[in-house]
A.B. asks: 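Okay, here's the structure, questions in a sec.
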Number of protein chains: 2
Amino acid sequence: MKRLTLKDVAKMAGVAPSTVSFVLNGKGKQMRIRDEVAAKIIQVVEKSGYEPHRVAVNLRTGQSKTLGLIVETISGSFFASLAKTIETEAELMGYNVVYCSTENNAQKGGELIRMLGRQMVDGYLITPAPGMEKEIQQLVQHHKPVVLMDSYFPSIKAPYVLIDNFGGVQQGMKHLIEKGFTRIAFVTVDVKLIQLEERLRGYVSALKEHKLPLRKKHVLHLKYHKLREDALREMQEFIESNPDLEAIFFATNYLGILGLEAIARIGLRMPDDVSVICFDDHDIFRLYPPGISVIEQPIEGIAKTAIAMLMQQLGKKPVPIKNPAVELPGRFIVRGSA
Amino acid sequence: MKRLTLKDVAKMAGVAPSTVSFVLNGKGKQMRIRDEVAAKIIQVVEKSGYEPHRVAVNLRTGQSKTLGLIVETISGSFFASLAKTIETEAELMGYNVVYCSTENNAQKGGELIRMLGRQMVDGYLITPAPGMEKEIQQLVQHHKPVVLMDSYFPSIKAPYVLIDNFGGVQQGMKHLIEKGFTRIAFVTVDVKLIQLEERLRGYVSALKEHKLPLRKKHVLHLKYHKLREDALREMQEFIESNPDLEAIFFATNYLGILGLEAIARIGLRMPDDVSVICFDDHDIFRLYPPGISVIEQPIEGIAKTAIAMLMQQLGKKPVPIKNPAVELPGRFIVRGSA
DNA sequence: TATTGATGCTAAATCGATTTTTCTAATAAT
DNA sequence: ATTATTAGAAAAATCGATTTAGCATCAATA
């Protein structure tokens with residue numbers, strides 16, 4: 001009850017293995033195989049249910065037909081939706097996907113990339129985290145197909161696709177300002193990430209555009225805390241030190257969740273005491289009363305675009321990529337909190 | 001700038017490729033390679049940074065050193081934690097993991113298993129969903145290493161590891177009963193799953209044990225609804241039709257989340273109007289005021305046990321598995337809701 | 001002295017495909 | 001009539017490892 005091989009099929013069809021291979025790979029015409037012979041081979045293959053041995057094909061061709069998806073963390077709805085869409089899109093193109101998470105561990109990110117390289121993935125889809133810069137640079141230098149998602153490094157010439165961070169924040173801010181709020185806080189983290197900088201820029205620009213003052217005390221760059229409890233305390237102190245606040249804009253859903261907890265501890269009520277908008281949706285935001293208004297990531301678009309860009313690089317001829325940078329608009333979802 | 005091969009290393013060390021292979025695979029002694037020669041080879045390998053070509057090894061040995069992890073849905077903290085632990089445990093044993101989700105699609109489950117088979121994973125870790133029964137049965141018949149997690153099919157003789165569902169519910173029920181509640185509802189789903197049956201059995205048994213009556217109207221088998229909204233309505237009607245309820249036990253976190261929404265709509269307050277316990281933790285339950293008490297799955301234990309059981313099957317000699325069935329205790333986490 | 005046995009390693013087969021090269025008729029061109 | 005070309009397919013090389021079988025050399029035994 002062993003696996004059927006190409007040789008077996010060839011014997012069954014009364015031809016040489018190479019002939020079968022040509023026909024199955026669509027090179028029958030090119031190799032001048034008679035139609036009758038080709039038809040016979042096809043028939044035998046169908047009847048026997050033969051399927052090529054992926055590993056053998058991989059060894060010979062050097063193509064694993066597998067993509068590596070490297071994300072920061074495997075939990076969270078962002079990854080879940082991303083993975084799902086990428087998987088189905090990749091499958092349409094005949095590719096499989098293997099996932100890896102760096103779990104916010106810079107060192108692990110590097111190892112992962114090397115590991116995937118050994119395992120011979122044909123291309124990389126990466127949500128870059130600080131610390132992976134060197135490894136990604138190397139991939140690009142080795143002309144490995146790469147597409148970055150959600151963020152990017154300005155110094156690295158790799159194609160990327162992400163949400164329009166600047167525009168997304170502006171959208172939300174416009175909503176708040178039109179409600180008449182003038183004292184709006186912005187909470188971000190103390191990490192140098194391009195997407196966070198863009199979001200902050202959106203905040204600043206929106207204030208300016210509506211001729212509202214930018215107050216330093218209204219912006220919190222939350223420091224990194226080992227303990228969640230410490231982060232919570234810093235957040236709480238920030239909110240309490242700004243008792244005149246009308247609204248808070250959280251730059252990430254992690255911050256938003258932390259913020260909800262801080263707000264609950266202080267005893268403020270949304271939206272009566274304070275309005276809240278958060279960048280990036282989360283399960284909790286749909287449920288947590290009164291529902292948190294968010295800027296939703298165009299995850300499906302990001303996934304589809306990323307795959308398309310990667311496929312372009314995986315084409316036979318190294319086509320110069322036309323759009324190395326794509327920004328997709330986010331969707332502003334209004335819930336009860338703002 | 002090509003990849004270093006075994007042949008290259010052999011040439012550099014002045015020996016035959018086979019000799020290098022023997023040394024690298026720890027068969028040096030057995031093959032009577034002199035220590036000096038072995039040392040020389042090791043040195044060359046270290047200096048050159050040679051790494052075996054995984055695909056070639058795979059083709060020759062038939063071992064991919066890869067495990068397939070098939071889960072129902074890739075989102076949710078259960079999968080996230082499970083995947084993380086399994087990945088690290090597998091890595092310790094020299095294995096990689098590829099993930100696949102069936103997304104509650106029975107048909108896709110079967111395809112996935114076949115796909116992984118083609119890709120030659122050495123073993124399977126599966127959280128079985130209804131509809132995958134046939135495929136799993138086939139794996140077992142073909143003597144493929146398999147371990148089921150979180151659930152199992154009584155008809156299939158495959159090893160499995162899961163939480164003690166019965167005991168978990170009993171623990172929670174005991175807590176409620178000791179608080180003096182006598183009218184406790186149990187909400188489960190209308191799907192024939194062994195773990196749900198066990199949980200219901202725990203509920204029934206706990207009532208009996210404490211000499212409390214089992215009332216039919218206090219048990220809801222929520223039907224499958226295409227629309228979330230419809231499910232919500234059924235849930236809401238159930239709760240409203242039992243106005244004397246003191247507590248509700250939800251059999252899954254999906255039901256719990258739905259329940260929270262229903263409770264909020266009705267306007268009940270936890271724990272004053274109604275106490276709540278849910279089987280299986282979720283991010284939301286930590287945050288949603290006043291915090292939902294839950295039975296937490298011993299995910300790390302499940303993952304470690306599953307890997308151990310799989311490794312046993314992957315050993316050279318087909319060792320008869322000693323513990324084909326393992327039940328691990330869950331942890332009862334008391335929060336504000338009960 | 002011839003046979004056996006251990007030592008220490010190399011040569012070659014193998015895994016299952018793809019791809020290049022080669023071979024044999026049959027037909028076309030000179 | 002002889003060479004050149006072409007169609008059609010088989011044979012062999014290849015990918016990069018593992019593994020089996022084999023080949024010298026020297027010591028020990030009969």
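Lettering of chains follows the sequences in order, A, B, ..., and the numbering in each one begins at 1.
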A.B. asks: For the pair made of CG in B:Asp8 and P in D:dG16, what is the distance, rounded to whole Å?
C.D. replies: 9 Å

A.B. asks: Report which part of the nucleic acid B:Ser21 touches: base, sugar-phosphate, or nothing (heavy-atom distance under 4.0 Å, all strands).
C.D. replies: base

A.B. asks: Show your reasoning for whether side chain to side chain contact (heavy atoms under 4.5 Å, CB included) applies to A:Glu135 and A:Ile126.
C.D. replies: CA-CA 11 Å; A:Glu135 317 292 341; A:Ile126 306 178; over 6 Å; no

A.B. asks: Which heavy-atom pair separates B:Ser151 from B:Pro128 by the least distance, and what is that distance?
C.D. replies: O-CG, 3.5 Å

A.B. asks: For the pair B:Ser48 (side chain) and B:Val45 (backbone), establish whether a donor and an acceptor sit closer than 3.5 Å, ignoring hydrogens and angles.
C.D. replies: yes

A.B. asks: Would A:Thr85 and A:Lys304 count as a side chain to side chain contact (heavy atoms under 4.5 Å, CB included) here? Give the steps.
C.D. replies: CA-CA 7 Å; A:Thr85 311; A:Lys304 288 188 176 177; 4.3 Å; yes

A.B. asks: Could you tell me the separation between the CZ atom of A:Arg54 and the C1' atom of C:dC15, rounded to a whole number of Å?
C.D. replies: 17 Å

A.B. asks: Okay, side chain of B:Asn25, backbone of B:Ser21: is any donor-acceptor separation there less than 3.5 Å?
C.D. replies: yes

A.B. asks: For residues A:Lys157 and A:Val140, report the shortest heavy-atom separation together with the two atoms involved.
C.D. replies: O-CG1, 4.0 Å

A.B. asks: Could you give the NZ-to-P distance, from A:Lys7 to C:dC15, as a whole number of Å?
C.D. replies: 7 Å

A.B. asks: Would you please confirm or rule out a distance under 4.0 Å between OP1 or OP2 of C:dG16 and any side-chain N or O of A:Arg3?
C.D. replies: no

A.B. asks: Between the two ends of the helix from C:dT1-D:dA30 to C:dT30-D:dA1, what is the bend in degrees, rounded to 10 degrees, where each end axis spans five pairs?
C.D. replies: 80°

A.B. asks: It should be established whether A:Thr5 places a side-chain nitrogen or oxygen under 4.0 Å from OP1 or OP2 of nucleotide C:dG16.
C.D. replies: no

A.B. asks: Taking the side chain as everything from C-beta on, heavy atoms only, tell me whether A:Asp150 gets closer than 4.5 Å to A:Ile302.
C.D. replies: no

A.B. asks: Extract from the structure each pairing of a protein N or O with an N or O of nucleotides 11-14 of chain D at less than 3.5 Å, listing the distance.
C.D. replies:
residue: D:dA11; atom: N6; partner: A:Ser18; partner atom: OG; Å: 3.1
residue: D:dT14; atom: O2; partner: A:Arg60; partner atom: NE; Å: 3.4
residue: D:dT14; atom: O2; partner: A:Arg60; partner atom: NH1; Å: 2.6

A.B. asks: Can you work out whether A:Val57 or B:Asp35 has the more 5'-proximal nearest nucleotide on DNA chain C?
C.D. replies: B:Asp35

A.B. asks: Is the count of non-hydrogen atoms from other residues, nucleotides or ligands lying under 6.0 Å from B:Glu300 atom CD greater than 12?
C.D. replies: no

A.B. asks: Starting at CG of A:Leu4 and ending at C1' of C:dA17, how long is that distance when rounded to a whole Å?
C.D. replies: 13 Å

A.B. asks: Output the single nucleotide from D:dA17, D:dT18, C:dA17 whose closest atom is nearest the side chain of A:Tyr50.
C.D. replies: C:dA17

A.B. asks: How long is the line joining CG of B:Leu59 and P of C:dT18, in whole Å?
C.D. replies: 12 Å

A.B. asks: Run the side chain to side chain donor-acceptor pair (under 3.5 Å) check on A:Ser64 and A:Asp122 step by step: do they pass?
C.D. replies: CA-CA 6 Å; A:Ser64 62; A:Asp122 294 341; 3.1 Å; yes

A.B. asks: Of all the nucleotides listed (C:dG8, C:dT18, D:dA17), which has the minimum atom distance to the side chain of A:Leu6?
C.D. replies: C:dT18

A.B. asks: Please round to the nearest 0.5 Å and tell me the distance separating atom CG of B:Leu314 and atom CD of B:Gln63.
C.D. replies: 7.5 Å

A.B. asks: What distance separates B:Ile136 CD1 from B:Tyr124 OH, expressed to the nearest 0.5 Å?
C.D. replies: 11.0 Å

A.B. asks: Rounded off to whole Å, could you give me the NE2-to-C1' distance for the A:His53 and D:dG16 pair?
C.D. replies: 15 Å

A.B. asks: Against B:Thr305, only a single residue in B:Leu162, B:Val161, B:Leu310 fulfils side-chain contact (heavy atoms from CB on, under 4.5 Å); can you say which?
C.D. replies: B:Val161

A.B. asks: Looking at C:dT18, D:dA17, C:dG8, which one has an atom nearest to any side-chain atom of A:Thr61?
C.D. replies: C:dT18

A.B. asks: Counting only non-hydrogen atoms, which of residues 24-33 of chain B are less than 4.0 Å from DNA chain C?
C.D. replies: B:Met31, B:Arg32, B:Ile33

